[in-house]
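Report on the following structure.
Atom set for the values below is all heavy atoms of this structure, side chains included, hydrogens, waters and symmetry mates excluded. Naming: A, B, ... by sequence-line order, numbering from 1 per chain.
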Amino acid sequence: ALTDRLQGVFKDMRSKGRLAEEDIDEALREVRLALLEADVNFKVARDFIRRVKERATSLEVLESLTPAQQVLRIVDEELVATLGGEPGRIDWTGKTPAPVMLVGLNGAGKTTSAAKLALTLRKLGQRPLLVACDTYRPAAVAQLETLGRQIGAEVYEEGTHASPVDIARRSVEYGREHGYSINIIDTAGRLQIDERMMDELVQIKAAIQPTEVLLVANAMTGQEAVSVAQQFHEQVGLTGLILTQMDGDARGGAALSIRAVTGVPLKFLGMGEKIEALQAYYPDRLASRILG
Amino acid sequence: FQARRELDAAFWDELEERLIQADLGAHTTADLVDTLRETHDKRRFDSPEQAEAALRQEMMRLLGGGTVGLNLPLPLAVILVVGVNGVGKTTSIAKLAKFLAQSGRKPLLVAGDTFRAAAIDQLKVWGERVAVPVVAQGPGSDPSAVVFDGIKAARARGADVLIVDTAGRLHTKINLMEELKKVQRIVQRQIPDAPHETLLVLDAVTGQNALVQAKSFTQAVGVTGLVLAKLDSSSKGGVVFSIAQELSLPIKFVGTGERVDDFAPFDAGEFAGALFA
Ligand SMILES: Nc1nc2c(ncn2[C@@H]2O[C@H](COP(=O)(O)OP(=O)(O)OP(=O)(O)O)[C@@H](O)[C@H]2O)c(=O)[nH]1
Ligand SMILES: Nc1nc2c(ncn2[C@@H]2O[C@H](COP(=O)(O)OP(=O)(O)OP(=O)(O)O)[C@@H](O)[C@H]2O)c(=O)[nH]1
Ligand SMILES: [Mg+2]
Ligand SMILES: [Mg+2]
């Protein structure tokens with residue numbers, strides 16, 4: 001664990017008395033290594049270490065009898081501060097029904113998360129409508145319908161021959177007519193480098209003016225988490241992030257990368273395959289998981 | 001990288017950055033860069049291009065070791081496809097079925113994911129698209145029972161390769177890994193050396209956790225080969241180098257898109273070259 005590695009760095013300090021900047025550098029190399037092992041983006045890790053170094057080379061740390069603990073405390077505080085302390089919530093103010101769009105790479109967990117959100121929002125007193133805008137993936141509409149049935153939530157769908165933009169637009173009307181308070185729009189998985197598919201998202205957004213656009217990303221995403229999030233944010237505009245498969249053992253460094261580079265707040269964590277498995281996130285817990 | 005005129009400190013720094021950003025991981029990157037620096041000390045590369053060529057050679061050596069084809073003996077070969085959630089198993093199975101059919105085999109698909117919503121429907125749609133029959137039971141049925149049916153159907157219909165789709169499962173879920181072992185045992189009981197191939201599908205977008213996945217699945221069911229899906233994404237899939245170093249698992253195929261023809265046998269040279277593109 002990182003704690004042990006930092007203790008190892010400082011174990012000879014007793015004989016040296018006060019620490020020097022090189023000792024701190026060595027400790028920060030261990031921290032950087034831990035971040036990279038956790039899939040934190042290379043540049044994000046480098047910038048993070050620079051920020052931490054300023055605080056970690058203060059007299060308070062250099063003269064401390066427990067420098068490992070001091071460095072760890074500073075790293076942890078910086079991590080929590082960067083991740084952001086706002087608990088996850090959906091903005092449904094301003095229009096009825098409030099459209100919430102889910103976007104992201106293929107297989108990230110959008111369709112499952114759509115159903116999870118519907119269940120969570122219903123428990124909070126909202127009336128969610130699931131909207132099937134993935135007309136590409138085989139049986140995608142059937143998947144959302146099956147999940148909707150499991151939680152007793154209606155699914156607005158038009159099969160696979162209408163355009164996702166039209167389905168989204170008509171779902172707003174449908175939601176309003178049937179008294180829904182939130183429309184959860186499930187979209188097809190797509191690469192952020194696929195211009196035509198990214199343009200489809202821009203068109204859907206223009207058609208329904210969503211109150212939330214949530215990027216759904218897998219916790220085990222590697223270095224490209226930054227490019228993915230940046231492209232989705234720049235082209236479509238993101239209001240939040242859902243990190244899925246946090247029930248696994250991926251360290252989840254992608255969360256730090258995405259947050260540090262785009263400023264998009266982490267809203268929810270996918271904690272399993274079951275529809276109940278959606279949790280609000282705690283920055284301090286995520287921080288210690290990333291550090292390992 | 002190509003802009004560097006000499007192998008100075010900046011060259012080595014940029015190389016490290018490049019490899020880490022390709023998901024090779026800090027340790028594997030350090031190993032490869034150290035080896036390259038040792039070579040440079042001994043025989044002096046004249047240019048960054050030469051160093052890059054040597055690195056590409058080393059990468060190809062690491063990845064190119066395993067047998068390229070699949071071991072699919074007659075009369076009936078069984079391929080078990082496994083992996084964590086959402087990596088591309090079902091889609092890769094459809095692609096593999098068409099690939100095998102085009103090379104003269106008679107595949108049959110088994111809808112072994114009886115858990116996830118519309119998983120059976122998804123494989124059935126793919127089966128129709130590639131004109132390959134699918135054996136299935138209802139949702140919630142026992143995957144081992146469906147596999148058992150699949151073997152019976154294959155023998156009855158003269159199919160010579162059975163591809164078994166399984167539900168995505170995190171390697172950390174002991175009960176789900178046990179379920180997978182049970183499926184494998186059912187297959188072994190019916191056909192002595194089966195499954196002849198157990199392919200682990202990895203999502204190229206995955207970071208260092210892919211190594212953990214490869215280790216866990218290998219330990220549980222003995223993986224014989226990898227399928228690297230979603231290589232059309234902006235990710236480079238560099239984690240396969242640590243998998244090659246630690247487990248020597250051959251990469252059999254790559255998935256390069258969502259269409260059925262976006263699939264090809266793995267080419268180490270092409271893969272290593274793409275890292276430097
Ligand atoms: N263990 C675990 N599995 C999850 C989680 N969220 C989703 N999954 C699983 O991940 C797989 C992919 O989920 P989907 O909801 O189909 O993903 P998607 O983003 O809609 O996929 P595409 O529409 O093809 O882009 C399924 O097997 C889900 O059950 C999670 O939090 N934990
Ligand atoms: N871009 C791209 N997408 C792919 C590729 N392979 C699969 N996909 C997409 O990834 C998503 C998930 O694919 P699936 O085949 O359902 O993955 P899976 O592993 O069977 O998922 P679960 O059964 O839920 O665990 C779908 O949207 C596929 O179209 C690929 O090579 N490239
Ligand atoms: Mg989906
Ligand atoms: Mg599947």
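Residue contact with chain B, scored on non-hydrogen atoms closer than 4.5 Å, involves the side chain of A:Q192 exclusively. Of the two parts of A:R46, only the side chain, counted from C-beta on, holds a non-hydrogen atom closer than 4.5 Å to a non-hydrogen atom of chain B. A:R251 does not touch chain B: none of its heavy atoms, backbone or side chain, sits under 4.5 Å away. Both the backbone and the side chain of A:D247 come within less than 4.5 Å of a heavy atom of chain B. Of the atoms belonging to B:V212, it is side-chain heavy atoms, and not backbone ones, that fall under 4.5 Å from chain A. Proximity to chain B (any heavy atom under 4.5 Å) is restricted, for A:L105, to the side chain, taken from C-beta onward.
Expressed to the nearest 0.5 Å, how far CD of B:Q122 lies from CD of A:Q143 amounts to 7.0 Å. To the nearest 0.5 Å, atoms CD (B:E16) and CG (A:L36) are separated by 8.0 Å.
What you find for A:D39 and B:G207 is that their closest heavy atoms are OD1-CA, 3.3 Å. For the pair A:M220 and B:L170, the tightest heavy-atom approach, listed with the atom from each and the gap, is CE-CD2, 4.2 Å. Annotation for B:A26 and A:L33: closest pair CB-CD1, 3.4 Å, computed over non-hydrogen atoms. When all heavy atoms are compared, the tightest approach of B:S234 to A:I193 is N-CD1, 4.0 Å. Across every non-hydrogen atom of A:A139 and B:A118, the tightest pair is O-CB, 3.8 Å. The minimum heavy-atom distance linking B:T172 with A:G248 is given by the pair OG1-CA, 3.9 Å.
Taking the side chain as every heavy atom from C-beta outward, A:E224 and B:K236 never approach each other to under 4.5 Å. Using a 4.5 Å cut-off on side-chain heavy atoms (C-beta onward), A:E273 and B:L176 make contact. No side-chain heavy atom of B:K230 sits less than 4.5 Å from a side-chain heavy atom of A:L191.
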### Steps toward salt bridge (Lys or Arg N to Asp or Glu O under 4.0 Å) verdict (B:E17, A:K43)
CA-CA 9 Å; B:E17 177 169 345; A:K43 294 200 168 90; 3.4 Å; yes
### Message
If you apply the rule side-chain contact (heavy atoms from CB on, under 4.5 Å), what do you find for B:Q21 with A:Q223, and how did you get there?
### Response
CA-CA 6 Å; B:Q21 287 182 333; A:Q223 294 284 311; 4.0 Å; yes
